[in-house]
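Written out below as structure tokens is the structure these notes cover.
Residue numbers start from 1 in every chain, and the chains themselves are labelled A, B, ... in the order their sequence lines are given, proteins ahead of strands.
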2 protein chains.
Amino acid sequence: MNFKESHTLILNNVARFIDLTELEKQKYISLLAEVKVKKKAYLMQAGEIAQYEYFIAKGCLKVYTLDEDGAPHISMFAIEDYWTGDMASFMTKEPTRYFIKATEDSELLGISRSNYGLLFQEIPKFERFYRILYQRSLISYIRRSNHGISLDAVERYIAFKKKYPKVVNRITQKDLAAYIGITPEFMSKIISKVNRM
Amino acid sequence: MNFKESHTLILNNVARFIDLTELEKQKYISLLAEVKVKKKAYLMQAGEIAQYEYFIAKGCLKVYTLDEDGAPHISMFAIEDYWTGDMASFMTKEPTRYFIKATEDSELLGISRSNYGLLFQEIPKFERFYRILYQRSLISYIRRSNHGISLDAVERYIAFKKKYPKVVNRITQKDLAAYIGITPEFMSKIISKVNRM
DNA sequence: TAAAAGTCTTAAACTAGTTCATTTTTTTTC
DNA sequence: GAAAAAAAATGAACTAGTTTAAGACTTTTA
């Protein structure tokens, strides 16, 4: 994939909520950095300060923390047409507690902190874009955290498969367990149980 | 409390992120509805379509869903200077799955769906206000959903007490259990255990 | 201010999910 | 394409949190 394609993708993503003139499109693209991450490479590691927010043009990454026992907790799988990063660290400049690791060769577009600030000055419409983007993210986070509490592990697995059917086939069972919030052993049990149903 | 006080509160809240002229302040206030809810009364019930987003000037409310077994899961306690409602239902006009019930006599300011739309037309600065508000909510939701997964019940209780020391004394142990995600019986055990430490 | 309703405590039996240990299968790497 | 590394499956012993039940304490309401 050349960068023309990733630019088209991100412009289509933005066009969901705001209309940009040709000039604004060019300006926006000029504020983005092109980033490639090989499978198993890290885009971010705990302790660093997040310098970019990312749009994924191609590939798949897992976003996770490690608890005190060193066990990973995956908070999201980021694929094409999604946004990722650690907004808390990006905004506050505090060190992140997240790792972001590519599970496939991936191509991203990143916006730096200073360009993120510039963007609102130069194209105020982007306040609206991000207002709507964050509003929608908030809605889906709230839904998800409710599911996390009120459903048992089997139901959470079935809900994930239903909501992200394409993702299930691109990730390992172990990573899925770390996302669902159970051990790989129990995940294995669940899957063979669900398949038998 | 008369409404002047609640207006001052909401304007101070908004002033955290944007500056308004006197005229804009008046315009904004004119778009808000004054709402009072008595203790134990509902601000919202599952099945309704959310018509307002609310700012709490005074009081305390619990936001919760009921699972298939009829057990409540509290997703937040909303107190003075916080915002509440069901944004998903407010935005999509789908019926809400939430109940919002006052745990104390409360006074709120509500913005209707049509006024929310108007607000952005009349005072575009509010795109920025909500962009930042949602961004910060998102950050705290992400933090919280991570805690929910990686901490055990005792740790979740201690974290809640530390983060919201004023709220703990205003709610019942039963409601706290429904928020932490455990049974009231186990909550009772935890509290006597933590007090003995 | 008495009775009713709701909340809190305690304890024993139970269950969803963990831990640990071993074997089989799949994927990666040279 | 063989060897090494990682992922998946299986099973037995274990634990954090649930369920059920019953009595004590507090708050609400008439």
Self-check item: Those residues that, when tested against Glu24(B), pass salt bridge (charged side-chain N to carboxylate O under 4.0 Å, His left out) (two or more places apart)
Solution: Lys125(B)

Side-chain atoms of residues 68-80 of chain B: list all donor-acceptor pairs with protein atoms under 3.5 Å, sequence neighbours left out, distances to 0.1 Å.
{"from": "His73(B)", "atom 1": "NE2", "to": "Asp67(B)", "atom 2": "OD2", "distance (Å)": "2.8"}
{"from": "Ser75(B)", "atom 1": "OG", "to": "Val63(B)", "atom 2": "O", "distance (Å)": "3.4"}
{"from": "Glu80(B)", "atom 1": "OE1", "to": "Arg170(B)", "atom 2": "NH1", "distance (Å)": "3.1"}
{"from": "Glu80(B)", "atom 1": "OE2", "to": "Gly59(B)", "atom 2": "N", "distance (Å)": "2.9"}
{"from": "Glu80(B)", "atom 1": "OE2", "to": "Arg170(B)", "atom 2": "NH2", "distance (Å)": "3.0"}

Practice problem: Please report how far the helix from dT1(C)-dA30(D) to dC30(C)-dG1(D) bends, comparing the axis fitted to its first five pairs with the axis fitted to its last five, to the nearest 10 degrees. | Solution: 70°

Quiz item: Who are the salt bridge (charged side-chain N to carboxylate O under 4.0 Å, His left out) partners of Glu185(A), not counting sequence neighbours?
Solution: none

Exercise. Could you run through nucleotides 3-19 of chain C and give me one letter per nucleotide, 5' to 3': B if any protein heavy atom sits under 4.0 Å from the base, S if only the sugar-phosphate is that close, - if neither?
Key: ----SSBB------BBB

Quiz item: Which residues satisfy the ring pair (Phe, Tyr, Trp, His ring centres under 6.0 Å) test with Phe186(B), sequence neighbours excluded?
Solution: none

Quiz prompt | Set of ring pair (Phe, Tyr, Trp, His ring centres under 6.0 Å) partners for Phe17(B), sequence neighbours left out | solution = Phe129(B)

Quiz item: In chain order, what residues pass the side chain to side chain contact (heavy atoms under 4.5 Å, CB included) check against Ser112(A), with sequence neighbours excluded?
Solution: Tyr52(A), Ser114(A), Asn115(A)

Quiz item: For Lys174(A), what residues pass the side chain to side chain contact (heavy atoms under 4.5 Å, CB included) criterion, not counting sequence neighbours?
Solution: Thr172(A), Pro184(A)

